[in-house]
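In what follows, a structure is listed as structure tokens, so that the remarks can point back to it.
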Amino acid sequence: MPEVRLVDLRKEYPGVIAVKDISITFATATVTCLLGPSGCGKTTMMRIIAGLENPTTGDVFFDDDRMTDLPARKRKIGMVFQYPVVYRNISVYRNIELPLLGEKLSGSERKRRIQQVIDILGLEDSVEKEISQLDGGTRQKVAIARTVARQPAVILFDEPITSVDAEAKVQLKRSLKELTRQLQQTIIYVTHDQTEAMTLADQIALMKDGEIVQLDEPRNLYNQPNDVFGGWFLGNPGMNFFDHQVEALEGGAGLRSPLFPHPLKISGLNGQNRITLGIRPEHVRLARKTSKFAVSGKVRRKIIGVGGHYLLSIELDDKIIKIKVKPTLGRQIKNEVWIECPLEWITLFGPDGHRLNATLTM
Ligand code: ATP
């Protein structure tokens, strides 16, 4: 399987630059998710890789082969779309088999490949059924099976599980994970759903306004966003942000924050006089009143979130911080609460929104 390389790729439409000079390598046998809000350029980038759209400038390479001017049908690409592309009145088996008949394969190799995708995707009970007898999730599995069995050089998924119901989504995600683990193909997967990206991706390219904000492993992207956008976009809800003026305190630069009972020192700044502290709701802890990091706040809102966790909105001075707590603790909390923000979970951003390599100490 080749690696896919985009070099200075740009796509302009009248009045909008959909892709802004992006260079990125999608490594062999990895799953890369293009993640970002609507309109950030994910689909345009994928369509250019597929050959369905020409870039304004820049190039697409599969290994060292320049693909930029090659028509889609010559690129050995497999695509899975939001709505399954399948034939309604023939069986699942035949649906998977049909695209393989055009390949130069022996009968036994064809059967082996069909059986392999049937096994991985759990389609055994449906092989003899017609597509019209299947639910949406299973139809999409068949569409995936048809594409994957051809063993194309690169597989592109464009929001493949967006349109299936919640239960089928969970199952499809599991099947896709298994599929990508076993087949080791080069996969580029477009989604605006962060949980999907976090579950499936080896690496995530987080996109905004036609640019890649960060290309990273899911955990790094979540725990160490390079930009306030990553802190905000990932998480449910995203990071809490607190803007602060940097002050000259005794012993050097520092700041006063409602998150802490005492002023903090900052080292490693590069002339910034304002910084933003970011912390995820699940990293804020409930504390004892006697803890030296604890501050007290008023509970303004308490709602039950996914998995029974409580999401609390707490007022500290005139600011609101959102925190996530376990069900048992969440139930006990009344009007006032003591919390602490572990320094190791605080990310610092500069006025331009980029992460700083500065350090906070008590
Ligand atoms: P979505 O998740 O909504 O599909 P996306 O991240 O995939 O969004 P694109 O569809 O790539 O984003 O669109 C990027 C930008 O380019 C948007 O501003 C969109 O309106 C614009 N755009 C996309 N295709 C065209 C087109 N054929 N003509 C004009 N503008 C376009």
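Atoms within a ligand are numbered from 1 in the order they appear, just like the ligands themselves. None of the values given here were measured: they were computed from a predicted structure.
- For the residue pair E167 / Q171, no side-chain donor-acceptor distance below 3.5 Å is found, with atom types taken as modelled.
- K141 contributes a side-chain N or O that, together with a main-chain N or O of L121, makes up a donor-acceptor pair within less than 3.5 Å.
- Panel note: side chain R75, backbone I49; a donor-acceptor pair is recorded below 3.5 Å.
- In the hydrophobic clustering (ILVMFWY side chains linked at under 4.5 Å, chained through shared members), L206 is joined by L35, M198, I204, V213, L221, Y222, V228, F229, W232, F233, L234, M239, F241, F349.
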Dump all N/O pairs between ligand 1 and the protein below 3.5 Å as a table: atom names plus distance, one pair per row.
unit_1: ligand 1; atom_1: 2 (O); unit_2: K42; atom_2: NZ; d: 3.1
unit_1: ligand 1; atom_1: 3 (O); unit_2: S38; atom_2: OG; d: 2.5
unit_1: ligand 1; atom_1: 6 (O); unit_2: G39; atom_2: N; d: 3.4
unit_1: ligand 1; atom_1: 6 (O); unit_2: C40; atom_2: N; d: 3.0
unit_1: ligand 1; atom_1: 6 (O); unit_2: G41; atom_2: N; d: 3.0
unit_1: ligand 1; atom_1: 6 (O); unit_2: K42; atom_2: N; d: 3.2
unit_1: ligand 1; atom_1: 6 (O); unit_2: K42; atom_2: NZ; d: 3.0
unit_1: ligand 1; atom_1: 7 (O); unit_2: T43; atom_2: N; d: 2.9
unit_1: ligand 1; atom_1: 7 (O); unit_2: T43; atom_2: OG1; d: 2.6
unit_1: ligand 1; atom_1: 8 (O); unit_2: G39; atom_2: N; d: 2.7
unit_1: ligand 1; atom_1: 11 (O); unit_2: T44; atom_2: N; d: 2.9
unit_1: ligand 1; atom_1: 11 (O); unit_2: T44; atom_2: OG1; d: 2.5
unit_1: ligand 1; atom_1: 12 (O); unit_2: G41; atom_2: N; d: 3.2

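- Classification of E247 and R256 as a salt-bridged pair holds, one side-chain N sitting under 4.0 Å from a carboxylate O.
- A cation-pi arrangement is found for R5 relative to F61, the charged atom lying closer than 6.0 Å to the ring centre and inside a 45° cone about the ring normal.
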